[in-house]
Colleague: 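One structure, as structure tokens, below. Some questions next.
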Protein chains: 2
Amino acid sequence: MTIQRRCILDSLTFFPQSVFEISSFLKTHGTPVDVVTIYRTLNCFVEIGIAGKTKFKDDFSRYELISEANHHHHLVCDKCGAVEDIPLDDKLLIDEINKKTNFKVKSHALEFFGICTKCQQ
Amino acid sequence: MTIQRRCILDSLTFFPQSVFEISSFLKTHGTPVDVVTIYRTLNCFVEIGIAGKTKFKDDFSRYELISEANHHHHLVCDKCGAVEDIPLDDKLLIDEINKKTNFKVKSHALEFFGICTKCQQ
DNA sequence: TGACTTATTGCAAGTCATTTGCAATAATTC
DNA sequence: GAATTATTGCAAATGACTTGCAATAAGTCA
């Protein structure tokens, strides 16, 4: 465990952030870390299961802390690109899939696109 | 409307295909079309609303015909990468979002990952 | 503590899907 | 059918992400 890894872990949150968001956060908060290191560290975090990676429409992957208690989905604003989190009850959908097919669902990603509260004003 | 556009339109289906899948289909079915042309044409189709584009985890965008009557979601196999379609009742989720937030949902993408029927055998 | 082994960092350079510039060609218009 | 406009396809650029590699920092064991 190095200083860089500690900083990257500390900058992770329960809402998804891109590597460049994390990078600029670290630049303005004491410990600049090379983006390559951030990529490598985050991929490592994903492998050992403490972070989640989601590929968004804008071509950026975003990373967030994983927590069963904090399972949620994403509201992505078409205008400003902001990503909100929302907890949703997805059991019904999974049940529906199990009824209709033989597919064994292991994970899922639900993304909703539209206009966020700020951009509506 | 050119021959290439006609061919690309004809090769589109209601399940999502990548540009390279479309390209190799066209190579083996009479009319090879440059991938650049396929990219440009598909983006055009998406703009005028006759095709849908989804970015998948494997870094490929996939395109499919849009049809209100054929609204569905995706089951992506973690092993072989195959994409199945499944119609799901998503009204409850949208209602849930409308109740909980001010976010105006305009579209959504629901993807489920797991093991497909073939790979289970 | 200090020498040794192993893992991590960061730069440069590579990869790969996708986009863009541009000249040649094909549709469309009159 | 000539003039205008849009489309094609090659080559080269873009941009997120990855890899090679030498330098450095952690962890280990005496």
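In this text, all values refer to a predicted model and were calculated from it rather than measured experimentally.
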Colleague: Among D:dT7, D:dC17, C:dT9, which nucleotide sits nearest the side chain of B:Thr2?
Modeller: D:dT7
Colleague: Just checking, any donor-acceptor pair under 3.5 angstrom between side chains of A:His72 and A:Glu64?
Modeller: yes
Colleague: Just the rounded figure in Å: distance from P of C:dA17 to CZ of B:Phe56.
Modeller: 16 Å
Colleague: Return the value, rounded to whole Å, for the distance between atom CD of A:Glu21 and atom P of D:dC17.
Modeller: 11 Å
Colleague: Among the candidates C:dT18, D:dG9, C:dT9, find the nucleotide nearest to the side-chain atoms of A:Arg5.
Modeller: C:dT9
Colleague: For the side chain of B:Arg40, counting heavy atoms from C-beta on, which of C:dG21, C:dC11, D:dT7 is nearest?
Modeller: C:dG21
Colleague: Rounded off to whole Å, could you give me the CZ-to-P distance for the A:Phe60 and C:dA17 pair?
Modeller: 19 Å
Colleague: Start at the 5' end of DNA chain D and walk down; is the nucleotide closest to B:Pro32 or to B:Asp59 reached first?
Modeller: B:Pro32
Colleague: Hey, does the side chain of B:Tyr39 come within less than 4.0 Å of C:dT19's phosphate (OP1/OP2), counting only N and O?
Modeller: no
Colleague: With a 4.0 Å cut-off on heavy atoms, is A:Val35 in touch with a base, just the backbone sugar-phosphate, or nothing at all?
Modeller: nothing
Colleague: Within 45 degrees of the ring normal and closer than 6.0 Å to the centroid, is that where the cationic atom of A:Lys55 sits relative to B:Phe56?
Modeller: no
Colleague: Which residue lies toward the 5' end of DNA chain D, A:Tyr63 or A:Met1, if each is placed at its nearest nucleotide?
Modeller: A:Tyr63
Colleague: Distance check needed: C:dT25 C1' versus B:Asp34 CG, whole Å only.
Modeller: 14 Å
Colleague: I'd like to know whether B:His108 forms a ring-ring contact (aromatic ring centres under 6.0 Å, His included) with B:His71, so could you lay out the CA-CA distance, the side-chain angles of the two residues, the decisive distance to 0.1 Å, and finally the verdict.
Modeller: CA-CA 11 Å; B:His108 58 269; B:His71 182 61; 5.1 Å; yes
Colleague: How close or far is atom P of D:dT7 from atom CD1 of B:Ile38, stated in whole angstroms?
Modeller: 16 Å
Colleague: Which of these nucleotides, D:dC17, C:dA12, C:dT9, is closest to any side-chain atom of A:Thr41?
Modeller: C:dT9
Colleague: In terms of side-chain heavy atoms of A:Lys55, which of D:dA11, C:dT18, D:dC17 is nearest?
Modeller: D:dC17
Colleague: C:dT8 C1' sits how many Å from A:Gln4 CD, rounded?
Modeller: 8 Å
Colleague: Once you apply a heavy-atom cut-off of 4.0 Å, does A:Val19 come out as touching a base, just sugar-phosphate, or nothing?
Modeller: nothing
Colleague: Here's a test of your reading of the structure: between B:Ile3 and B:Lys53, which maps to the more 5' nucleotide of DNA chain C?
Modeller: B:Lys53
Colleague: Quickly work out the A:Arg6 CZ to D:dG27 P distance and round it to whole Å.
Modeller: 12 Å
Colleague: Quick check for you: to the nearest 0.5 Å, what is the distance between A:Leu42 atom CG and A:Ile22 atom CD1?
Modeller: 5.0 Å
Colleague: Do the side-chain N and O atoms of B:His73 and B:Asp85 include a donor-acceptor pair separated by under 3.5 angstrom?
Modeller: no
Colleague: May I ask you to verify if any side-chain N or O of B:Thr37 is less than 4.0 angstrom from the OP1 or OP2 atom of D:dT7?
Modeller: no
Colleague: Measure the distance from CZ on A:Arg62 to C1' on D:dC17 and round it to the nearest whole Å.
Modeller: 15 Å
Colleague: From the list D:dG9, C:dT19, D:dC17, which nucleotide is the closest neighbour of the side chain of B:Asn43?
Modeller: C:dT19
Colleague: Got A:Ser11 and A:His29 here, is their nearest side-chain heavy-atom distance under 4.5 Å?
Modeller: no
